[in-house]
Amino acid sequence: MEPGSAEMPRQFPKLNISEVDEQVRLLAEKVFAKVLREEDSKDALSLFTVPEDCPIGQKEAKERELQKELAEQKSVETAKRKKSFKMIRSQSLSLQMPTQQDWKGPPAASPVMSPTTPVVTGATSQPTPAPYAMPEFQRVTISGDYCAGITLEDYEQAAKSLAKALMIREKYARLAYHRFPRITSQYLGHLRADTAPPEEGLPDFHPPPLPQEDPYCLDDAPPNLDYLVHMQGGILFVYDNKKMLERQEPHSLPYPDLETYTVDMSHILALITDGPTKTYCHRRLNFLESKFSLHEMLNEMSEFKELKSNPHRDFYNVRKVDTHIHAAACMNQKHLLRFIKHTYQTEPDRTVAEKRGQKITLRQVFDSLHMDPYDLTVDSLDVHAGRQTFHRFDKFNSKYNPVGASELRDLYLKTENYLGGEYFARMVKEVARELEESKYQYSEPRLSIYGRSPEEWPNLARWFIQHKVYSPNMRWIIQVPRIYDIFRSKKLLPNFGKMLENIFLPLFEATINPQDHRELHLFLKYVTGFDSVDDESKHSDHMFSDKSPSPDVWTSEQNPPYSYYLYYMYANIMVLNNLRRERGLSTFLFRPHCGEAGSITHLVSAFLTADNISHGLLLKKEALMEEYAIAAQVWKLSTCDLCEIARNSVLQSGLSHQEKQKFLGQNYYKEGPEGNDIRKTNVAQIRMAFRYETLCNELSFLSDAMKSEEITALTK
């Protein structure tokens, strides 16, 4: 399906729980218990240490593996299976590359095309005919029965486990209109028991208004549908009318099934403890790292020559997107300091707050803090995330308080205050103007919705429109802090379900009846996704399962675990996306914080539910170009590396289909060289071909292993 096309609503597939699934669930519980023990025994220094040993680094494990391999070599059945696999592998190698019809190549700026391509086997080079026109570069291949360095039985088991994990992720991506690689889906299609592949559903982002159009126009809202929305078990269900609500017959949308989800999560958790899979993955990753080093050594000059022949375009004028930045940190510390001093100099007697019925001026705010803005420096402002904030979320959060004063944060970095967030809007607009002047830089700032009240959404939309914060170089992500426990302890919320309702019900209402919610309907055009944020290292001993309390009965002051938050956010986003797609409106991605700290179970939850995860030191925002320059120095990145990172940032971002076509090329959504227009991205076609062929090669290993297993079963 091409981007922007429509299809029929899909339904959430429910599993019939088998004995195998029950065994997997029990194994997952053991894994979770082990993770909890490891977290309890962690000392303070363990956060800063990285284990050097591989998954099979123990001497005893190596001995067992050696004995297993020797026994396998003597087995007649294994010899037959190896022969079968070798035959499949030889056929696969010739089929995994694109044909000439599949890849037409870019126009004039492409490198020299040749019908012969040197193939490097080991250290020797020998030209062999290529069945299609591809960039001329040296390829690295490994010959032999199989390349993993493990027994064939373990290899097949690892392939089966990894393929299952990919299929599970694909299922959740399709249901929520998240992205999933096309080439991976094609390989998985050959492994599915059913012949019909899942429908491809891509996210739909609203294109920017044309120059002559008003970005704040409220007159284009579609008609109301007057559907009813009711929350059940933490998930909002849509009903066509009151009669359908009474009969409990929801509108035809895919609604999640908790039992199916927890079984899928158990399969991924169990995968973590699977020895053959860990061994296979560890060795393949080491090999791929070495393979890329060889590719750079052999082809770096060819890539550079290709870039030099590309007119007009270089790293400085390719599009790049800062995909992870908080709106409260989008300005650098010098910008914030300059703005604070400017407001104090120009409007010291302006009323900026009210406390106990008494109005307070800007001068009085600083007097109460015993400070003079004239004496402030970048160092005393102290909003820079340095080494002391590493793995310390408490210190990291404090960096959002200028001079350590929450009063200044409320005044300058909030959308809801006495001034209606005016100062914050002015700073964001200044940053936006800098991006627009640079032309080639974009950003996706995060704005917070807490779930304390359903009025947060209309207030945020009103702030956006009243202060005219729209910029063609910005798209917005909504971050939801995981701080239910704070709200519950202050009696602001009766249960976790109410928090979810406050977050998502206004969005459903604006989608169903946009005529009644024009401001929020307009604001949502420029929102592309959701984030889940907070301290990941917070300990939780609750394992999320289908037996966990539902959100409407989670009345405890204890915070739900990370996986609980992610599931219910994903579930509501999934239903909302399908409803909005049905109405022809833009959809949202789920892009949570994940992997900075905390349990391995966080990564499992995000693997199932997230479109992608993005990270970085959020308060260290100097100019985006400087970040690339620093990265180039630290990691010795080439121009092609930097342009490839920039291209990936555009792909990952919430920019619309039309913008990505303009910035990356008409076929940007296709994989490999066919999806790259070097005239726009300045990424060498040699690099794109290498990435594509490497991915196809890895996927073919999984596919071939499972074919070998099927053939062996048939010949018995």
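Because only heavy atoms are used, hydrogens play no part in the values below, and waters and symmetry mates are left out as well, while side chains stay in. On a predicted model such as this, the values are computed, not experimentally measured, just so you know.
- Atom CE of M474 sits about 8.5 Å away from atom CD of E436, to the nearest 0.5 Å.
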**Asked** Given the rule in the ring-ring contact (aromatic ring centres under 6.0 Å, His included) test, do Y442 and F663 qualify, once you have shown the distances and angles that lead to the verdict?
**Response** CA-CA 12 Å; Y442 294 73; F663 300 157; 5.3 Å; yes

**Message:** side chain to side chain contact (heavy atoms under 4.5 Å, CB included) for C330 and V431? Distances and angles first, verdict last.
**Reply:** CA-CA 7 Å; C330 67; V431 172; 4.0 Å; yes

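- Counting only distance, with no hydrogens or angles, the side chain of Y172 and the backbone of F607 share no donor-acceptor pair below 3.5 Å.
- Here the side chain of R581 pairs no donor or acceptor atom with the backbone of P203 at under 3.5 angstrom.
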**Audit row: F508, L576, side chain to side chain contact (heavy atoms under 4.5 Å, CB included) steps and yes/no** = CA-CA 7 Å; F508 278 81; L576 178 63; 3.8 Å; yes

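- Judged as a side chain to side chain donor-acceptor pair (under 3.5 Å), and not counting sequence neighbours, N577 has no contacts.
- In terms of the salt bridge (charged side-chain N to carboxylate O under 4.0 Å, His left out) criterion, E354 has no residue partners (sequence neighbours excluded).
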List the atom pairs, donor and acceptor, that lie under 3.5 Å between side-chain atoms in residues 493-504 and the rest of the protein, sequence neighbours left out.
from : atom 1 : to   : atom 2 : distance (Å)
N495 : OD1    : G497 : N      : 3.1
N495 : OD1    : K498 : N      : 2.8
N495 : ND2    : D552 : O      : 3.4
K498 : NZ     : E501 : OE2    : 3.1
N502 : ND2    : G451 : O      : 2.9
N502 : ND2    : R452 : O      : 3.2
N502 : ND2    : K498 : O      : 3.3

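- With a 6.0 Å cutoff to the six-membered ring centre and a 45° limit on the axis angle, K468 counts as a cation-pi contact of Y216.
- For the atom pair CG of D516 and CG of N224, the computed distance is 4.5 Å after rounding to the nearest 0.5 Å.
- A donor-acceptor pair under 3.5 Å links the side-chain atoms of N473 to the main chain of L435, judged by distance alone.
- Between W554 and Y564, the ring planes lie tilted relative to each other; the angle falls in the 30° to 60° range.
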Would you tabulate the side-chain donor-acceptor contacts of residues 335-345 under 3.5 Å, counting partners in other chains and residues two or more places apart, or write 'none'?
from : atom 1 : to   : atom 2 : distance (Å)
H335 : NE2    : E430 : OE1    : 2.6
K341 : NZ     : L376 : O      : 3.2
T343 : OG1    : F339 : O      : 3.2
T343 : OG1    : I340 : O      : 2.8
T343 : OG1    : Y412 : OH     : 2.8

**Request:** Verify salt bridge (charged side-chain N to carboxylate O under 4.0 Å, His left out) between E659 and R475, making sure each step is shown before the conclusion.
**Result:** CA-CA 12 Å; E659 290 171 293; R475 296 297 180 273; 2.7 Å; yes

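- Side chains of I478 and L460 form a contact here, defined as non-hydrogen atoms less than 4.5 Å apart.
- Applying the side chain to side chain donor-acceptor pair (under 3.5 Å) test to D485 and every residue at least two apart in sequence or in another chain returns nothing.
- Side-chain atoms of D534 do not come within 3.5 Å of backbone N or O of P481 as any donor-acceptor pair.
- Contact annotation: the side chain of P207 never approaches that of F205 to less than 4.5 Å [non-hydrogen atoms, C-beta and beyond].
- Going from atom OH of Y470 over to atom NZ of K525 covers 10.5 Å, rounded to the nearest 0.5 Å.
- Partners of F487 under the ring-ring contact (aromatic ring centres under 6.0 Å, His included) rule, at least two apart in sequence or in another chain, do not exist in this structure.
- For H324 (side chain) and P445 (main-chain N/O), no donor-acceptor pair under 3.5 Å exists by modelled atom type.
- A salt bridge links K491 with E557; the closest basic N to acidic carboxylate O contact falls under 4.0 Å.
- Separation of atoms CG (L413) and CE (M427) is listed at 5.0 Å; rounding is to 0.5 Å.
- Residue Q358 places its CD atom among 12 or fewer non-hydrogen atoms of other residues, nucleotides or ligands, all under 6.0 Å distant.
- A search for side chain to side chain donor-acceptor pair (under 3.5 Å) contacts involving T511 returns R580, not counting sequence neighbours.
- One finds the CG atom of L245 at 11.0 Å from the CG atom of D240 (value rounded to the nearest 0.5 Å).
- Taking A221 as the reference, P514, Q515, R518, H521 meet the side-chain contact (heavy atoms from CB on, under 4.5 Å) condition, with sequence neighbours excluded.
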**Item:** Intermediate values then yes/no, ring-ring contact (aromatic ring centres under 6.0 Å, His included), Y261 and Y570
**Value:** CA-CA 11 Å; Y261 175 82; Y570 166 84; 7.2 Å; no

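- A salt bridge is absent between D611 and R591; no separation between the charged side-chain nitrogens and carboxylate oxygens falls under 4.0 Å.
- The ring-ring contact (aromatic ring centres under 6.0 Å, His included) test applied to F590 returns no partner, not counting sequence neighbours.
- Residues passing the salt bridge (charged side-chain N to carboxylate O under 4.0 Å, His left out) test with E519, sequence neighbours excluded: R462.
- For the pair R350 and E422, the salt-bridge criterion is met [side-chain N within less than 4.0 Å of a carboxylate O].
- Formation of a donor-acceptor pair under 3.5 Å by the Q652 side chain with backbone atoms of T323 is not found in this model.
- In this structure a side-chain-to-backbone donor-acceptor pair under 3.5 Å is present from R482 to S532.
- Between T351 and L419, every side-chain heavy-atom pair lies at or beyond the 4.5 Å cut-off.
- A ring-centre distance under 6.0 Å is found for F464 and Y526.
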**Request:** Mind running ring-ring contact (aromatic ring centres under 6.0 Å, His included) on Y227 and H251 for me, showing each step along the way?
**Result:** CA-CA 9 Å; Y227 290 164; H251 186 72; 4.9 Å; yes

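- Ring geometry, F523 versus W457: the interplanar angle falls from 30° to 60°, so the pair is classed tilted.
- The backbone N or O of H467 sits less than 3.5 Å from a side-chain atom of K429, completing a donor-acceptor pair.
- Taking the charged nitrogens against the carboxylate oxygens, R446 and D531 do have a contact shorter than 4.0 Å, which makes a salt bridge.
- Annotation: cation-pi pair K320/F315 present, NZ/CZ under 6.0 Å from the ring centroid and within 45° of its normal.
- Listed by chain and number, the residues in a ring-ring contact (aromatic ring centres under 6.0 Å, His included) with F237 are Y255 (sequence neighbours excluded).
- Between the S586 side chain and the H206 main chain, no donor and acceptor come within less than 3.5 Å of each other.
- Using a 30° and 60° split on the angle between ring planes, W463 and F424 fall in the parallel class, below 30°.
- S605 places none of its side-chain heavy atoms less than 4.5 Å from the side chain of Y567.
- For the pair D322 (side chain) and E444 (backbone), a donor-acceptor distance under 3.5 Å is absent.
- Every residue two or more places apart in sequence or in another chain that forms a salt bridge (charged side-chain N to carboxylate O under 4.0 Å, His left out) with D349 is listed here: R363.
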